[in-house]
J.: 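Here you go, one structure.
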Amino acid sequence: MTDLIADLEARNLIHDSTDREALRQSVAAGPVGIYYGCDPTADSLHVGNLIGLVVLRRFQDAGHQAIALAGGATGMVGDPGGRSEERNLLDQETLDHNVARIKGQLGRIVDLSDPARGILVDNRDWTEPITVLEFLRDVGKHVTVNQMLARESIKVRIESEHGISFTEFSYMLLQANDYLHLHDAHGCSIQIGGSDQWGNIISGVDLIRRKRHAAVHAFSWPLLTASDGSKLGKTTGARTWLDPEKTSPYALRQHFVQTADDDVRQQLLTFSLRPIAEIEEIAAAHLEAPQRREAQRTLAHDVVSLVHGEGAAVAAADAADLLFTSDPTGASEEAFDVLAGEIPSSRIAAGDVGDPVATLVATGLASSNGDARRGLDQRAFSVNGAKMDEGTDLAVVERLHGRYLLLRKGKKSHHLVEVFS
RNA sequence: GGGCGAGUACCCAAGUGGCCAACGGGGGCAGACUGUAAAUCUGCUGGCAUACGCCUUCGGGGGUUCGAAUCCCUCCUCGCCCA
C-alpha cells in the first residue's frame with residue numbers, strides 16, 4: 001500500500017483527524033505504533049468493535065505496529081458517551097474474565113505473536129498504581145473543566161435527566177492518560193476510534209502535546225449506521241458477537257448476508273481486506289443484479305473468514321446454501337453432519353418426539369408453550385420443508401436419513417433435531 | 001438538612017379504586033409480497049390451560065378495602081430547587 005491514509009479515506013473510514021498532511025507523512029515515513037482501545041464490558045467483542053480491529057489489521061499489514069488496548073481500568077469507570085444513564089460498574093473478576101476472552105478473539109484478527117507487529121495491553125497495568133494525588137497533579141492539571149464540559153458526550157449527559165457522575169466525567173482523563181502512557185512506553189503516535197470517541201481521543205493528543213511537547217496523531221471513523229439509522233452491532237435485540245460460543249460462524253455469516261443493498265458497498269469497503277478496485281467491481285455487479293446477493297455473500301464470506309478462519313467461512317456458507325437454496329430433503333447425510341455443527345441443533349429421544357408444542361419449546365425455537373401455539377397458529381413453523389400446525393404429529397413425520405428433523409421458524413431460524421432411540 | 005417531583009412490561013410512555021395482563025409509540029417475532037433486501041399491509045408480543053379460567057407483574061416491604069398500578073405508612077433509588 002503506497003498511501004494507507006488515502007486508501008482509508010477512499011473507504012470512508014476517516015471522519016475526523018488531526019492534521020491530515022502530518023498524519024499522512026508520519027504514516028508514509030515508516031513504521032508507527034497505532035492504538036485502538038475497547039472496554040471489556042462483555043466477555044466478547046461485537047461487530048461494532050470489528051471496524052477498529054480491521055483498521056489495526058490494515059496498518060499491521062502495511063508494516064506498522066498494532067496496539068490493541070483492553071480497557072480494564074476504563075471499563076471499571078464507564079464511558080459516558082452514547083448513553084443517557086450511568087453504567088453499572090463491573091467487578092475485577094468479571095473484567096479479568098472478559099479481558100481473557102477478548103484476547104483470544106482479537107488474536108485471530110490482529111497478529112499478536114510478534115510484539116514488533118502487534119501487542120495487547122491492559123490499561124489497568126499502568127492506571128492502578130497511580131495515586132489520586134499523582135493523577136490530579138500529572139493529568140488533571142493539564143486539562144480544564146471548561147474543555148471537558150464542551151465535549152459533546154459530556155454536554156448531552158449534563159442535560160439529561162439522570163446527570164453524570166464524577167466517575168464517568170473522569171473517563172476521558174483516564175483515556176488521555178492511556179495515550180500518554182502508550183506514547184512514552186511504546187512510541188505510539190496514532191490513536192483511532194469511532195467518531196463518538198473523538199472527544200476522548202483528542203484529550204489524549206492535547207495531553208501529550210502539553211506534557212511532552214510532541215505532536216501525535218489520531219483519526220476516527222464515522223460511526224457505522226445501517227441505512228435505517230440504527231447503530232450497527234447495537235441493534236436492540238441480539239447483538240452479533242465475535243465469540244463463536246455466543247454467535248456461531250453461521251449466525252455471523254447470516255448477519256452480514258442480510259445486509260441491506262444500500263449498505264453493502266460501504267460495509268465491504270469497511271470490513272473487507274480486498275482492494276478498493278475489486279470492491280467497486282463487486283458493487284457495480286450488485287447494482288446490475290441485486291437479487292443475486294453476490295455482494296452480501298462476498299461480504300459475509302470475508303468477515304467470517306477474517307474472524308473465524310477460511311474453513312469456518314466455507315462451512316457456514318455450505319450450511320446456508322443447504323438451508324436457503326436447495327431442497328433439504330434431498331441433501332446428503334454428510335451435509336447434515338456438517339449442518340449440525342453450524343446451526344442450533346439438539347438430540348431428542350424418539351419417545352419424546354411427537355407433540356409439536358413440546359418439541360418447539362425443547363429446541364428453543366419457541367420461548368413458551370403459548371409462543372409455540374401462537375406461531376403454529378400463524379403458520380410460522382415448518383418441519384422438513386412442510387408447514388406444521390398443532391395437529392402435526394412429529395413422531396410420524398419421515399426423518400431425513402432416518403434420524404433428522406429440520407425445524408424452521410419463519411425464514412431465518414433453523415434447528416436441526418437428531419432423533420435417537 | 002428542607003421543599004417539590006419521579007420510579008409502569010425489552011425501551012419510551014398512558015393509566016390515579018373495579019370495565020387492567022394494563023392505551024399508544026418504538027423495538028422484536030410471524031404472515032402476505034419478495035431477492036435470506038427495502039418499502040407496504042396484517043397478526044402476535046407475561047406464564048399455565050384446547051377452552052371456562054387460574055397464576056404472577058406496575059421500585060421494595062407493610063397496611064386500608066369485598067376489590068389497589070391507582071389510597072395510606074415506611075424504606076430504597078433518581079431528578080429539580082432551597083440551605
Side-chain angles (χ1 to χ4, degrees), chain A residues 82-89 156-168 225-240 248 250-268 282-283 285-301 303-304 316-328 339 342-344 354-358 360-361 363-382 385 387-393 406-415:
Chain A
R83 48 177 55 230
S84 59
E85 292 181 41
E86 285 279 316
R87 281 173 194 259
N88 295 319
L89 297 181
V156 168
R157 284 288 300 277
I158 285 179
E159 285 160 10
S160 84
E161 67 174 313
H162 298 284
I164 180 172
S165 69
F166 183 72
T167 306
E168 289 194 13
T225 50
S227 52
D228 60 6
S230 65
K231 209 171 167 185
L232 195 95
K234 283 194 174 177
T235 42
T236 47
R239 255 194 188 188
T240 305
S248 70
Y250 169 79
L252 181 68
R253 181 194 159 80
Q254 288 307 100
H255 173 90
F256 282 96
V257 165
Q258 285 158 15
T259 300
D261 290 345
D262 292 346
D263 300 331
V264 71
R265 176 177 166 275
Q266 181 56 51
Q267 296 233 18
L268 274 167
I282 295 169
H286 180 255
L287 273 181
E288 290 296 310
Q291 70 280 7
R292 294 183 60 208
R293 310 182 65 74
E294 281 307 319
Q296 279 92 340
R297 280 183 232 279
T298 304
L299 170 68
H301 174 273
V303 172
V304 177
D318 287 347
D321 282 346
L322 172 59
L323 293 174
F324 288 101
T325 64
S326 56
D327 177 11
L339 196 59
E342 292 296 326
I343 67 171
D355 177 33
V357 172
L360 289 170
V361 172
T363 59
L365 278 178
S367 62
S368 67
N369 293 358
D371 189 39
R373 289 209 180 85
R374 278 191 292 272
L376 287 166
D377 237 27
Q378 298 179 133
R379 320 238 339 125
F381 296 105
S382 60
K387 287 288 183 191
M388 297 165 69
D389 58 43
E390 279 205 54
T392 304
D393 184 358
L406 185 60
L407 300 175
R408 192 165 71 116
K409 177 193 180 195
K411 290 189 179 74
K412 298 172 188 169
S413 309
H414 298 84
H415 190 103

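Computed over heavy atoms, backbone and side chain alike; hydrogens, waters and symmetry mates excluded. Residue numbers start from 1 in every chain, and the chains themselves are labelled A, B, ... in the order their sequence lines are given, proteins ahead of strands.
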J.: Does the side chain of Ser368(A) get closer than 4.0 angstrom to OP1 or OP2 of G46(B) through an N or O atom?
T.: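 Negative; the distance criterion is not met.
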
J.: Name the pairs: protein N/O against N/O of nucleotides 50-52 of chain B, kept only if under 3.5 Å.
T.:
unit_1	atom_1	unit_2	atom_2	d
U50(B)	OP2	Arg373(A)	NH2	2.5

J.: Can a donor-acceptor pair be found between the side chains of Thr363(A) and His415(A) at a distance below 3.5 Å?
T.: no

J.: Check whether any side-chain nitrogen or oxygen of Asn369(A) sits under 4.0 Å from OP1 or OP2 of A49(B), and answer yes or no.
T.: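 Affirmative; the distance criterion is met.
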
J.: Only pairs with both distances under 3.5 Å count, Watson-Crick or wobble alike; so what is the partner of C54(B) in this structure?
T.: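 Answer to the pairing question: G47(B), which forms a Watson-Crick or G-U pair with C54(B).
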
J.: List the steps, then state whether side chain to side chain contact (heavy atoms under 4.5 Å, CB included) holds for Gln258(A) with Lys412(A).
T.: CA-CA 10 Å; Gln258(A) 285 158 15; Lys412(A) 298 172 188 169; 3.6 Å; yes

J.: Report the distance from atom CG of Asp371(A) to atom P of G28(B), rounded to the nearest whole Å.
T.: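 In whole Å, G28(B) P and Asp371(A) CG are 16 Å from each other.
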
J.: Searching all strands shown, indicate the nucleotide that pairs with U34(B) (Watson-Crick or G-U wobble; both distances under 3.5 Å).
T.: none

J.: Quick one: pull up CG in Leu299(A) and CG in Leu268(A) and give me the separation to the nearest 0.5 Å.
T.: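 Result: 4.5 Å between the selected atoms.
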
J.: P atom, A69(B) versus C55(B): distance in rounded Å?
T.: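 It works out to 13 Å between them.
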
J.: Using a cut-off of 4.0 Å between protein heavy atoms and nucleotide atoms, how would you tag nucleotides 31-36 of chain B 5' to 3' with B, S and -?
T.: S-BBBB

J.: Given the C1' atoms of G67(B) and C19(B), what is the spacing between them in whole Å?
T.: 14 Å

J.: Does the structure show a Watson-Crick or G-U wobble partner for C80(B), both distances under 3.5 Å? Name it, or say none.
T.: G3(B)

J.: Could you check Arg373(A) against Val357(A) for side chain to side chain contact (heavy atoms under 4.5 Å, CB included), going step by step and ending with a plain yes or no?
T.: CA-CA 7 Å; Arg373(A) 289 209 180 85; Val357(A) 172; 4.0 Å; yes

J.: Taking the P atom of each, how far is G7(B) from C72(B), in whole Å?
T.: 14 Å

J.: Under 3.5 Å for both donor-acceptor distances, Watson-Crick or wobble: does U64(B) have a partner, and if so which one?
T.: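 Across all strands, not a single nucleotide pairs with U64(B).
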
J.: Would you say the side-chain atoms of Arg293(A) pair up with the backbone N or O of Val257(A), donor to acceptor, closer than 3.5 Å?
T.: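 Judged by distance alone, yes, a pair lies under 3.5 Å.
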
J.: Minimum heavy-atom separation for Leu323(A) and Tyr250(A), please, with both atom names.
T.: CD1-OH, 3.3 Å

J.: Please measure how far the C1' atom in U70(B) lies from the corresponding atom in A22(B), and state the result in whole Å.
T.: 12 Å

J.: State which residues pass salt bridge (charged side-chain N to carboxylate O under 4.0 Å, His left out) with Arg408(A); sequence neighbours excluded, sorted by chain then number.
T.: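 Not a single residue meets the salt bridge (charged side-chain N to carboxylate O under 4.0 Å, His left out) criterion with Arg408(A).
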
J.: Figure out the CG/P separation between Asp263(A) and A38(B), and round it to whole Å.
T.: 10 Å

J.: Considering only atom C1', compute the distance from U8(B) to A21(B) and round it to an integer number of Å.
T.: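 Looking at atom C1' only, U8(B) and A21(B) are 12 Å apart.
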
J.: For A14(B) and A6(B), measure between their P atoms and round to the nearest Å.
T.: 11 Å

J.: Asp389(A) side chain to Thr392(A) main-chain N or O, any donor-acceptor pair under 3.5 Å?
T.: yes

J.: G26(B) and A9(B): how far apart are their C1' atoms, nearest whole angstrom?
T.: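 That atom pair is separated by 14 Å.
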
J.: We want to know whether Asp371(A) and Ser367(A) form a side-chain donor-acceptor pair, criterion being a heavy-atom distance below 3.5 angstrom.
T.: yes

J.: Expressed in angstrom and rounded to an integer, what is the separation of Leu365(A) atom CG from G28(B) atom P?
T.: 19 Å

J.: Any chance you could lay out the side chain to side chain contact (heavy atoms under 4.5 Å, CB included) test for Arg292(A) and His286(A), step after step, and finish with the verdict?
T.: CA-CA 8 Å; Arg292(A) 294 183 60 208; His286(A) 180 255; over 6 Å; no

J.: For nucleotides G5(B) and C71(B), find the distance between their P atoms and express it as a whole number of Å.
T.: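 Nearest-Å result for G5(B) against C71(B) at atom P: 13 Å.
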
J.: Across all strands, who's sitting opposite A9(B) as a Watson-Crick or G-U wobble pair, both distances under 3.5 Å?
T.: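 Pair assignment: A9(B) / none.
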
